[in-house]
Chemist: 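Here it is, the structure in full.
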Amino acid sequence: MQLGQLAARKEKLTDALIDGLIDKDAYQSRNEKLPIEQRRLQEKLRDPVDPDAEKERLRKFLEQAKSLAPLYDFAKPHEKRNIVLWATSNRTVSGKSIEFEPSNWFEAAQFVLAAPSGEGQRPTPRTP
């Protein structure tokens, strides 16, 4: 589907050049990016994702999300910056105060990680 969209973009780009909406330099700079994107998509099709490897990558990701504070404490300065960029959004600085919100994915991950697993137990049996 993405390859089809890419072909449609190339066609629109050519039409824009023919109609005089963009100049030749703009056409060439935009047209140079399309084959790179096409190769990336073709490689993606050729090398399908291994479901087991993807599950393992997701498991590691969620494990790190659970222990984000200790991970931050032991990280190097550039890694700390990446963790803050990765886990927060709407970062603002007013004078000496810093405000930020957790990213949407992070809030969802915390909700999933906090969900209990297994069977629930009743405090009292159903039958006397």
Chemist: Identify, with sequence neighbours excluded, every residue that meets side-chain contact (heavy atoms from CB on, under 4.5 Å) alongside D73.
Modeler: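 In terms of side-chain contact (heavy atoms from CB on, under 4.5 Å), with neighbours along the sequence ignored, D73 is linked to no residue.
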Chemist: I'd like to check the side chain to side chain donor-acceptor pair (under 3.5 Å) partners of E32; sequence neighbours left out, ordered by chain and number.
Modeler: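 Once residues adjacent in sequence are excluded, E32 has no partner under the side chain to side chain donor-acceptor pair (under 3.5 Å) criterion.
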Chemist: Given side chain to side chain contact (heavy atoms under 4.5 Å, CB included), test R91 with I98 step by step and report yes or no.
Modeler: CA-CA 7 Å; R91 295 171 293 279; I98 301 171; over 6 Å; no
Chemist: Hey, could you give me the CD/OG1 distance between E101 and T92, rounded to the nearest 0.5 Å?
Modeler: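 It is 8.5 Å, given to the nearest 0.5 Å.
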Chemist: Could you tell me which residues satisfy side-chain contact (heavy atoms from CB on, under 4.5 Å) with Y27, sequence neighbours excluded, listed by chain and number?
Modeler: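 Y27 satisfies side-chain contact (heavy atoms from CB on, under 4.5 Å) with L13, T14, L17, I22, N31 only.
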Chemist: Using a 6.0 Å cut-off, check whether atom NZ of K80 has over 12 heavy atoms from anything other than its own residue.
Modeler: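 Count over threshold, so yes.
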Chemist: According to side-chain contact (heavy atoms from CB on, under 4.5 Å), who are the partners of L41, at least two apart in sequence or on a separate chain?
Modeler: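 For L41, the residues satisfying side-chain contact (heavy atoms from CB on, under 4.5 Å) (neighbours in sequence not counted) are Q2, L3, L6, E37.
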Chemist: With no hydrogens and no angle check, is any side-chain donor or acceptor of E79 less than 3.5 Å from a backbone partner on K76?
Modeler: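 Confirmed, E79 side chain pairs with K76 backbone.
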Chemist: Could you measure the distance from the CG atom of L21 to the NZ atom of K12? Nearest 0.5 Å is fine.
Modeler: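 Going from the CG atom of L21 to the NZ atom of K12 covers 13.0 Å.
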Chemist: Apply side chain to side chain donor-acceptor pair (under 3.5 Å) to E56 and list each qualifying residue two or more places apart in sequence or on a separate chain.
Modeler: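 Per chain and number, E56 pairs via side chain to side chain donor-acceptor pair (under 3.5 Å) with R59.
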Chemist: According to a hydrophobic-cluster definition based on side-chain heavy atoms being under 4.5 Å apart (Ile, Leu, Val, Met, Phe, Trp, Tyr only), do L34 and L45 belong together?
Modeler: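 Shared cluster, yes.
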Chemist: Please say yes or no: joined through hydrophobic side-chain contacts below 4.5 Å, possibly via intermediate residues, are L85 and F100 part of one cluster?
Modeler: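 No, it is not one cluster - the side chains of L85 and F100 are not joined through contacts under 4.5 Å.
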Chemist: After noting the C-alpha distance and the side-chain angles of E43 and R40, does the key distance pass the salt bridge (Lys or Arg N to Asp or Glu O under 4.0 Å) rule?
Modeler: CA-CA 5 Å; E43 286 175 9; R40 186 187 66 79; over 6 Å; no
Chemist: Evaluate side chain to side chain contact (heavy atoms under 4.5 Å, CB included) for K33 paired with I36, printing each intermediate quantity in order.
Modeler: CA-CA 5 Å; K33 297 174 187 175; I36 296 168; 5.5 Å; no
Chemist: Considering residues at least two apart in sequence or located in another chain, which fulfil the side-chain contact (heavy atoms from CB on, under 4.5 Å) criterion with K55?
Modeler: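 Partners of K55 by the side-chain contact (heavy atoms from CB on, under 4.5 Å) criterion come out as none, since no residue qualifies.
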